[in-house]
S.K.: 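Please find one structure pasted underneath; my questions will follow.
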Amino acid sequence: MSTIKGVEKMSQPNPVNSLASVAASRPQHVDSKHVAGTGLEARNIHAWFGDKHVIDDVTLDFYPGTVTALIGPSGCGKSTFIRILNRMHEFIPTAAMAGEVLLEGTDIYKSGTDVTKIRLGIGMVFQKPNPFPSMTIKENVLSGLKLAQLKVANQSELLESCLIRAGLWNEVKDRLDEYGGALSGGQQQRLCIARSLAVSPQVLLMDEPCSALDPGSTLRIEETIRELSASMTIVIVTHNMQQAARVSDRTGFFLSDGGPGRLIECSTTSEIFSNPKDKRTEDYVTGRFG
Amino acid sequence: MSATVAQPIKPWRVNFKQAWPEIAGAIFAVVLTYAIVSATPLKGKLGFFVTLIFVATIVAAGISWLRRDRKAAFNSVSTVLVYIAGLFVIVPLASILYEIVRRGIAGLSWGMFTTDMAVTASDAPLSEGGILHAVVGSLYVVLIATIVSVPIGLLTSLYLTEIKGKAASTIRFFVQAMSGIPSIVAGLFIYAIWMIALGNQYSAFTGAMALAILMIPTVARTSEEVLKLVPGDLREAGLALGGTQWRTVAMIILPAAQSGLITSVILGIARVAGETAPLLLTMGGADALNLNPFSGYSSAIPFYVWKNFSMGTELSIQRAWSGVLVLMIIVLIFFSITRLLSNKKGRF
């Protein structure tokens, strides 16, 4: 019976069902209960650039050990939102914000907080691979330690484990002293992931990490994300709904109706793709708009 | 049946068949120019070159128009003008270099680098006396000026690009204004403030202070341009890894911009190495070797050249030319060393 059902689903052109089946086919290793005071919690987040209100009242919890995907059309504030989560928002001169971001129950915007410690605990992978050009592959991976002046007993062990976890070890183990710029785009992005892992963050934010990569590298990075999710909280912004369905446990849908971006709906990924509560979410995930 | 082995060729390369009208045109232009110059009152090399510009442009345009169309004619006019402009830059440079070597080489000897002019008159035979005091003086002033200006210039550029403080636009304005001041004014400034008002004496250090005033804006401006080229991504990546701003700049931004920053230092040195005017006011111009840069009259190569030229005798002018050649060689050696240092792999 189930095989026949699967065949029926395959033959249907409706993208909602195919994405829903992608989402459902993945093991859901998380229950939807969230314990307050753990993981990363965003409370009533607003953001402005100058007078322009770009995010309106977003409250969203990121559970430990899960992957949360943020989807939505361009310009709806997804990237701004995750930059708020590790205090990168404040580097834009006109930026302002309101609300609280709680890491393990403590507001990261509380005055007197050591920002460098926050960013050490909440790592970030950027859209464009950006290995440090003046450093070798090895130095790139270990750069976080030097930047944050951390001491590690066994550097070569850490180097190897980070590169293995980022899925890059086999490709670079014989060329650790080459410069990072010599790698391909996909390898560079995995190098950047390895670099973020070296400082063992609790949370990893990824801002469209695969948008500049080919399908093979994308697949490799998605595997990496799945493997990492057991040990940390991952937030990934993506324009690729297939990707959201493949890698995430929970999905949040952002939308702007010309004004500030809002969180329309957040639920388990299979729920968002098979049974969205909001009509706009359904329209978006079925490709009817956006 | 074996497949034919492909041979690498360059089909876009211009062969003689396509190029002969241009070559013929170029020869025709030169011959025609020669004829015009001989037949008319236009005289000399300058007349020849000015006529050549016009004739070559017209001939090139005519050939292209006949072979193709009007668009091609305009294209070849611009091509010819660009080539001629290049020629105008290269010809004077090459002739200056040639002239310096030709005139300077006669006075060059090993003894020149081991003796000074303390007991030698400027018009003594060239086998006596030397330039040692001026070489040492020049090394002192350039070295001290570099030590003073590179940190100040670099920190200024970091303020402008990394800190982007409130005063940034004001500072940028003053740096630009400073880079335009005539060198003699820098010399006068140090003379008035450092020497007369503060009571310091002529010395290599005083000269270096004047040069530093000229060097700081050059280093600051070029470093700023270089630092602006470092992608903002790298700054964010460094900060996102938990680095402080200082560690991000020191570990990521500066190494990434390294070769450009070295170029900015070279440009700064090039700006001051041949300066004469500020040194005339601040160094005193000794003829004897002075190993103490902080006190006593001392000399520098440009100073030596100026002094010997102003003597005006045949032998002193020969000394001046040799001094120019030595200055050129020293600057060349210095440039080569810094180029080698900056040609590391994996940088911008």
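The sequence lines fix the lettering, A, B, ..., with proteins before strands; numbering per chain opens at 1.
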S.K.: Measuring heavy-atom distances to chain B, does A/Arg195 have an atom under 4.5 Å in its side chain, in its backbone, in both, or in neither?
M.R.: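 Contact with chain B: backbone and side chain both.
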S.K.: Does B/Phe174 have more than 12 heavy atoms from other residues, nucleotides or ligands lying within 6.0 Å of its CZ?
M.R.: no
S.K.: Chain B: which of A/Met124, A/Met88, A/Gln127, A/Arg87 shares the most heavy-atom pairs with it under 4.5 Å?
M.R.: A/Met88
S.K.: Under 3.5 Å, sequence neighbours excluded: what are the donor-acceptor pairs made by side chains of residues 136-150 of chain B?
M.R.:
from     : atom 1 : to       : atom 2 : distance (Å)
B/Ser138 : OG     : B/Ile301 : N      : 3.0
B/Tyr140 : OH     : B/Leu291 : O      : 2.6
B/Thr146 : OG1    : B/Val142 : O      : 2.6
B/Ser149 : OG     : B/Ala145 : O      : 2.2

S.K.: Do any of residues 140-149 of chain A come closer than 4.5 Å to chain B, heavy atom to heavy atom, and if so which ones, in number order?
M.R.: A/Ser143, A/Gly144, A/Lys146, A/Leu147, A/Ala148, A/Gln149
S.K.: By a 4.5 Å heavy-atom criterion (distance strictly below it), what part of A/Pro131 contacts chain B: side chain, backbone, both, or neither?
M.R.: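 For A/Pro131, the contact with chain B is made by the backbone alone.
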S.K.: Would you mind checking if B/Glu224 and B/Arg221 are paired as a salt bridge, meaning a charged N to carboxylate O distance below 4.0 Å?
M.R.: no
S.K.: Any chance you could lay out the side-chain contact (heavy atoms from CB on, under 4.5 Å) test for B/Leu97 and B/Met328, step after step, and finish with the verdict?
M.R.: CA-CA 9 Å; B/Leu97 284 181; B/Met328 210 177 71; 3.4 Å; yes
S.K.: Sort out for me which of B/Gly243, B/Ala240, B/Gly238 touches chain A most, counting heavy-atom pairs under 4.5 Å.
M.R.: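 The candidate making the most pairs under 4.5 Å is B/Ala240.
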S.K.: Run the numbers on A/Thr224 and A/Arg190 for side chain to side chain donor-acceptor pair (under 3.5 Å), then give the verdict.
M.R.: CA-CA 9 Å; A/Thr224 305; A/Arg190 278 178 277 148; 5.8 Å; no
S.K.: Would you mind reporting whether B/Leu214 and B/Pro278 have side-chain heavy atoms less than 4.5 Å apart?
M.R.: yes
S.K.: Evaluate the side-chain proximity of A/His89 to A/Phe49: yes if any heavy-atom separation is below 4.5 Å, no if none is.
M.R.: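 Of all side-chain heavy-atom pairs linking A/His89 with A/Phe49, at least one is under 4.5 Å.
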S.K.: Flag the pair A/Asp61 and A/Arg43 as a salt bridge only when some basic side-chain nitrogen lies within less than 4.0 angstrom of an acidic carboxylate oxygen.
M.R.: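 The answer is yes: the pair qualifies as a salt bridge.
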